[in-house]
Every structure is written in structure tokens, then in C-alpha cells.
Chemist: 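Have a look at this one.
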Amino acid sequence: MAEALVRFEGVRKAYAAGSYAVKQLDLEVKRGELLTLLGPSGSGKTTTLMMLAGFEQPSEGRIMLQGRDIARLPPHKRGIGVVFQSYALFPHMSVAENVAFPLEVRGVPKADRTARVARALSAVRLDGYGDRHPAQLSGGQQQRVALARAMVFEPPIVLLDEPLGALDKALREEMQFEIRDIHQRLGVTMMYVTHDQQEALTLSDRIAVFEGGLIRQLAPPRAIYDRPANAFVAGFVGENNRLPGRVLTRDAEEARIALDCGPEVLARAADDLAPGALCLVTIRPERVAVAGVAAAELGEGAMPAMVREAIFQGDHVRLKLALGDGGEILAKRPVGGTTLPEPGSVAAVAWEAGQALAFAAA
Ligand code: ADP
Ligand code: MG
């Protein structure tokens with residue numbers, strides 16, 4: 001396992017007495033990884049990043065960088081590169097001057113600066129752009145300059161706080177691949193903040209899912225998606241159906257659950273669930289099988305349902321179905337050769353027991 005470059009140890013942060021923006025943080029960033037902090041607005045992501053950068057002080061706990069407690073070091077002595085959503089490039093300086101700035105501050109000689117600026121611009125694929133001014137660049141190019149400026153002095157870690165937040169969707173997706181590529185080519189350690197789960201899945205070696213100042217799960221993207229540790233993560237990362245119910249019976253792995261809307265289903269018990277316990281069954285829309293006719297076609301466990309809406313989405317069809325008494329379930333199905341089911345038509349839904357997860361109700 002790669003060595004820890006950064007370690008948060010028992011870190012807490014209260015801006016006002018008794019109200020914690022970060023409640024408890026024990027987190028390692030490994031050398032060379034891209035770790036994403038993902039969570040809704042106000043969950044403590046920026047506060048975490050700011051404490052590492054040195055712009056905020058923890059109320060409790062220690063932050064170690066390369067084995068050294070950095071609590072007392074001011075930001076400029078930590079030698080960490082930072083990129084924010086607003087590019088914060090100096091508008092009156094050329095691109096090359098912007099990227100050279102951190103080297104100048106550190107007293108790097110001019111000849112050396114020129115070579116390092118050229119290398120940094122090349123790393124973000126902006127060779128030949130040195131003489132332009134920020135206003136002559138697109139938003140994506142400006143963020144690449146900001147990234148070059150954050151990396152030019154070869155910091156041990158680069159922190160990025162929603163760096164693509166101001167870009168439109170297409171450019172944002174292009175830049176996600178760009179950042180991933182830069183990270184992989186240069187092997188630079190990155191801590192990346194976003195509230196966008198798709199972005200986190202695209203970019204990350206590992207994702208720390210934040211909620212209310214706590215990490216609710218820390219795992220690689222695939223594990224976060226396939227094996228969410230709790231109902232919050234199941235709902236925040238990717239789409240998920242959430243069906244409330246009550247546990248009837250359970251064995252080591254599976255629980256049989258009576259959904260509030262009527263049907264009895266099987267689900268993998270992701271929590272300690274005893275018979276009688278209230279629970280939440282989650283199932284991904286792409287895991288819900290739908291048949292247009294008799295429930296029997298889907299085999300044992302199929303539930304009668306009724307199509308409410310069928311929406312063509314190009315690469316798939318979204319089906320909203322009424323389930324039992326007052327329940328609703330979303331299914332995503334590949335586009336077949338046949339016509340879309342009509343709203344009001346009778347259908348059946350089913351899923352493999354192992355694909356549904358049952359969590360204790362909050
Ligand atoms: P995120 O980046 O996940 O949106 P933040 O770390 O910015 O979350 O904020 C976490 C909590 O701390 C929020 O409730 C926010 O209102 C509060 N907060 C953030 N910065 C300050 C500040 N400078 N002073 C007081 N409260 C703050
Ligand atoms: Mg933030």
C-alpha cells in the first residue's frame with residue numbers, strides 16, 4: 001500500500017462555538033492518488049481543503065504532511081498548490097507570467113523559471129500560449145493555466161476546489177478527462193472537491209463521501225457505486241430507487257421485506273436488520289427488469305406494475321412504474337427494437353435479490 005502523504009488525525013472544525021463544520025476527520029491521502037471529497041453543499045469539503053492549505057485552522061486534531069505536523073505553518077510555507085473555481089489568474093499578466101509567479105515568489109532564478117514554465121504549460125497542453133493574456137483564453141484553457149500555476153513549483157500535493165464549476169457541461173466533461181490524464185501522466189497527488197457525483201466517479205482513485213461534516217464512506221468509485229455503505233451514499237451517488245418497508249425474515253445475507261406499498265421482496269441486508277425492523281430497500285434503475293406482459297415472464301418474485309411514463313433518452317428508456325399500493329419505481333432499460341410501452345399498460349418488474357440493498361431506516 002502506498003505511503004500516506006497527508007494525514008488528518010482527529011480533526012474537527014467549528015467556525016462558531018459548538019457548531020462543527022467538520023465533526024470528525026481521520027483521513028489519509030496516499031502519495032500519487034487522486035482523492036475526491038464528494039458531498040452536498042455545506043457538508044464540509046471546502047473546510048477540509050482549506051485546513052490542509054492553511055487558510056483555516058482546525059479547532060482540534062492534527063494535520064500531517066510528509067510526516068510533519070503543519071498546524072502552525074502559514075499557507076505559503078506549506079508549499080501546496082491550490083486551484084479554485086474562480087480562476088484567479090492575474091488579468092494583466094501574460095499566461096507565462098502567471099505560471100512563473102509562484103517561482104518568482106520562491107526566488108527561483110530567471111533562466112530556471114523559463115524552462116519550468118514551458119514544462120508546466122506543456123503538461124497542460126498549452127505549449128505556445130505563454131504570450132497570451134487570460135482574457136484571450138477559453139474558460140477551460142484558463143483553468144489549465146491555473147493548474148499549471150499550481151503545479152509549476154512541484155508541490156507534494158495539489159488541491160482543487162470545484163475547479164470546473166464555472167464551465168458548461170460539455171467542457172466540464174472534456175476537462176475531467178484532461179485532469180485525469182494530467183494526474184496519470186505526472187503522478188501528482190491531488191485532492192479534488194466536487195458536489196458532482198459523475199465527476200467524482202470519472203476522476204477518482206478513491207472517493208470520500210461527505211455528509212454533515214463526516215465521511216460516510218471512503219472507497220474507490222466502483223465500490224462506492226456497487227456497495228454503498230449506507231442509505232445516504234446509495235442515494236447520493238448515482239440514481240437509486242428507495243422503497244420503505246419492514247423486515248419479515250432474514251438469514252446471513254438476505255432479508256425478506258414487506259414493502260410499504262405491498263409487495264414482498266428479497267434484498268441483501270447491508271445493515272444489522274432484525275425481523276420487524278423498519279428499513280429502506282435501494283435498487284438501481286438499471287437493475288430493474290421490466291416485462292410488458294404477465295409477471296410470470298420474469299419468473300419468481302416478479303411484481304405486477306403499471307407503466308406511468310416512458311421517456312426516450314437516446315441511449316436508454318426511462319420507465320416510471322406504479323408499484324403496488326401507492327409505490328413508484330424507476331427503471332432504465334436499453335432501447336429495444338419495439339415501440340415504447342403506453343402509459344397505463346400493465347407490466348411486471350423484478351430484480352435479482354443480490355442487486356437490491358436493505359438499510360436500516362434512518
Ligand atoms: P462544502 O464545501 O461542502 O459546501 P463548507 O466546508 O464550505 O462546505 O461549509 C461547511 C459548513 O461550514 C457550512 O455549514 C458552512 O455554512 C459553514 N462555513 C463555511 N465557511 C464558513 C466561515 N468562513 N464562517 C462560518 N461558517 C462557515
Ligand atoms: Mg465548497
Side-chain angles (χ1 to χ4, degrees), residues 1-8 11 22 25-41 43-53 63 65 80-85 123-124 140 143-144 146-147 150-151 155-167 169-211 213-230 232-240 284 286:
M1 188 149 109
E3 156 199 9
L5 179 71
V6 172
R7 191 150 62 225
F8 292 85
V11 169
V22 170
L25 187 61
D26 297 280
L27 174 66
E28 283 185 5
V29 187
K30 296 176 201 162
R31 194 180 293 278
E33 82 170 326
L34 195 162
L35 175 75
T36 296
L37 314 185
L38 170 70
S41 175
S43 59
K45 310 181 298 293
T46 294
T47 300
T48 298
L49 186 126
M50 289 302 192
M51 289 191 289
L52 178 53
I63 302 176
L65 174 64
I80 291 174
V82 186
V83 180
F84 297 106
Q85 176 174 333
V124 298
Q143 265 322 39
R144 273 146 63 191
L147 187 54
M151 294 189 310
I157 183 167
V158 176
L159 312 182
L160 304 101
D161 193 351
E162 312 251 5
L164 310 182
L167 307 179
K169 188 172 185 295
L171 190 52
R172 210 161 62 222
E173 284 172 2
E174 190 188 314
M175 283 294 294
Q176 287 165 11
F177 288 110
E178 189 88 10
I179 289 172
R180 215 179 112 99
D181 177 61
I182 290 166
H183 169 253
Q184 287 174 352
R185 267 190 292 124
L186 306 185
V188 56
T189 311
M190 291 180 169
M191 192 160 105
Y192 191 102
V193 164
T194 184
H195 65 273
D196 179 336
Q197 44 99 9
Q198 202 59 53
E199 187 161 298
L201 291 174
T202 301
L203 280 175
S204 315
D205 294 316
R206 291 191 302 159
I207 300 173
V209 183
F210 275 65
E211 186 204 13
L214 291 171
I215 293 179
R216 302 301 309 277
Q217 188 169 8
L218 173 64
R222 188 76 203 240
I224 294 273
Y225 191 86
D226 287 342
R227 295 190 303 281
N230 47 65
F232 175 77
V233 174
F236 192 75
V237 182
E239 276 189 303
N240 234 325
R284 298 278 183 201
E286 70 270 23

Chemist: Could I get the full list of ring pair (Phe, Tyr, Trp, His ring centres under 6.0 Å) partners for F232, not counting sequence neighbours?
Modeler: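 In terms of ring pair (Phe, Tyr, Trp, His ring centres under 6.0 Å), with neighbours along the sequence ignored, F232 is linked to F236.
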Chemist: Short question: side chain of E33, backbone of V188 - any donor-acceptor pair under 3.5 Å?
Modeler: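 Side chain of E33 to backbone of V188: no pair is present.
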Chemist: Would you compute the distance between atom CZ of R144 and atom CE of M175 and round it to the nearest 0.5 angstrom?
Modeler: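 Here the rounded value is 6.0 Å.
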Chemist: Side chains of M51 and V22: closer than 4.5 Å at any heavy-atom pair?
Modeler: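 Yes. Closest side-chain heavy atoms under 4.5 Å.
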Chemist: Of all heavy-atom pairs between T202 and R180, which one has the smallest distance, and what is that distance?
Modeler: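 Heavy-atom minimum between the residues: O-NH1, 3.0 Å.
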Chemist: For the pair R284 (side chain) and Y225 (backbone), establish whether a donor and an acceptor sit closer than 3.5 Å, ignoring hydrogens and angles.
Modeler: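 Pair found, side chain donor or acceptor close to backbone of Y225.
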Chemist: Look at the side chain of K45 and the backbone N and O of G39, then say whether any donor-acceptor pair between them is shorter than 3.5 Å.
Modeler: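 Yes, because the side chain of K45 sits within donor-acceptor range (under 3.5 Å) of the backbone of G39.
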Chemist: Counting neighbours of CZ on R185 that are heavy atoms of other residues, nucleotides or ligands and sit closer than 6.0 Å, is the number greater than 12?
Modeler: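 Atom CZ in R185 is crowded, with more than 12 foreign heavy atoms closer than 6.0 Å.
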Chemist: Could you check if a side-chain atom of D161 sits within less than 4.5 angstrom of a side-chain atom of V82, using non-hydrogen atoms only?
Modeler: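 The answer is no; the side chains never approach within 4.5 Å.
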Chemist: So which of I157, I207, L218, D205 actually passes side-chain contact (heavy atoms from CB on, under 4.5 Å) with L35?
Modeler: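 With L35 as partner, side-chain contact (heavy atoms from CB on, under 4.5 Å) holds for just one option, L218.
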Chemist: At their closest point, which heavy atom of P163 faces which heavy atom of V83, and how far apart are they?
Modeler: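 For P163 and V83, the tightest heavy-atom pair comes out as CB-CG1, 4.1 Å.
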Chemist: Is there a donor-acceptor pair closer than 3.5 Å between any side-chain N or O of Q217 and the backbone N or O of V209?
Modeler: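 Not a single qualifying donor-acceptor pair exists.
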Chemist: Please determine which of T194, I179, D196 meets the side-chain contact (heavy atoms from CB on, under 4.5 Å) test together with L203.
Modeler: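 That would be I179.
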Chemist: Mind checking the OG1-CG spacing from T47 to L52? Nearest 0.5 Å is all I need.
Modeler: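 Going from OG1 on T47 over to CG on L52, the span is 12.5 Å.
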Chemist: If you take all heavy atoms of N240 and A234, which pair is closest and at what distance?
Modeler: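 So the two residues come closest at ND2-O, 2.8 Å.
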Chemist: Which heavy-atom pair separates T36 from S204 by the least distance, and what is that distance?
Modeler: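 Heavy atoms of T36 and S204 come nearest at OG1-OG, 2.6 Å.
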Chemist: Nearest 0.5 Å, what's the CG-OG1 distance between L25 and T48?
Modeler: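 Here the rounded value is 5.0 Å.
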Chemist: So how far is it from R7 CZ to L65 CG, rounded to the nearest 0.5 Å?
Modeler: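 Going from the CZ atom of R7 to the CG atom of L65 covers 11.5 Å.
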Chemist: Could you tell me which residues satisfy ring pair (Phe, Tyr, Trp, His ring centres under 6.0 Å) with F210, sequence neighbours excluded, listed by chain and number?
Modeler: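 Applying ring pair (Phe, Tyr, Trp, His ring centres under 6.0 Å) to F210 gives none.
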Chemist: Under the side-chain contact (heavy atoms from CB on, under 4.5 Å) test against I182, which residue among L34, L147, V158 passes?
Modeler: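 Answer to the side-chain contact (heavy atoms from CB on, under 4.5 Å) test with I182 among L34, L147, V158: L147.
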Chemist: If you measure from CE on M190 to NE2 on H183, what distance do you get to the nearest 0.5 Å?
Modeler: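 The NE2 atom of H183 is 6.5 Å from CE of M190, to the nearest 0.5 Å.
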Chemist: Would you say R172's side chain and L164's backbone share a donor-acceptor pair under 3.5 angstrom?
Modeler: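 Side chain of R172 to backbone of L164: no pair is present.
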Chemist: Distance from R206 atom CZ to L38 atom CG, nearest 0.5 Å?
Modeler: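 So the CZ of R206 and the CG of L38 are separated by 14.5 Å.
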Chemist: Which heavy atom in A53 sits nearest to a heavy atom in I80, and how many Å separate them?
Modeler: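 Between these two residues, the closest heavy atoms are CA-CD1, 4.5 Å.
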Chemist: If every non-hydrogen atom of G238 is compared with every non-hydrogen atom of Q197, which pair is closest and at what distance?
Modeler: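 Smallest heavy-atom distance, with atoms named: N-OE1, 3.0 Å.
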Chemist: Can you check whether E174 reaches L171 side chain to side chain, under 4.5 Å on heavy atoms?
Modeler: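 They are in contact (side-chain heavy atoms under 4.5 Å apart), so the answer is yes.
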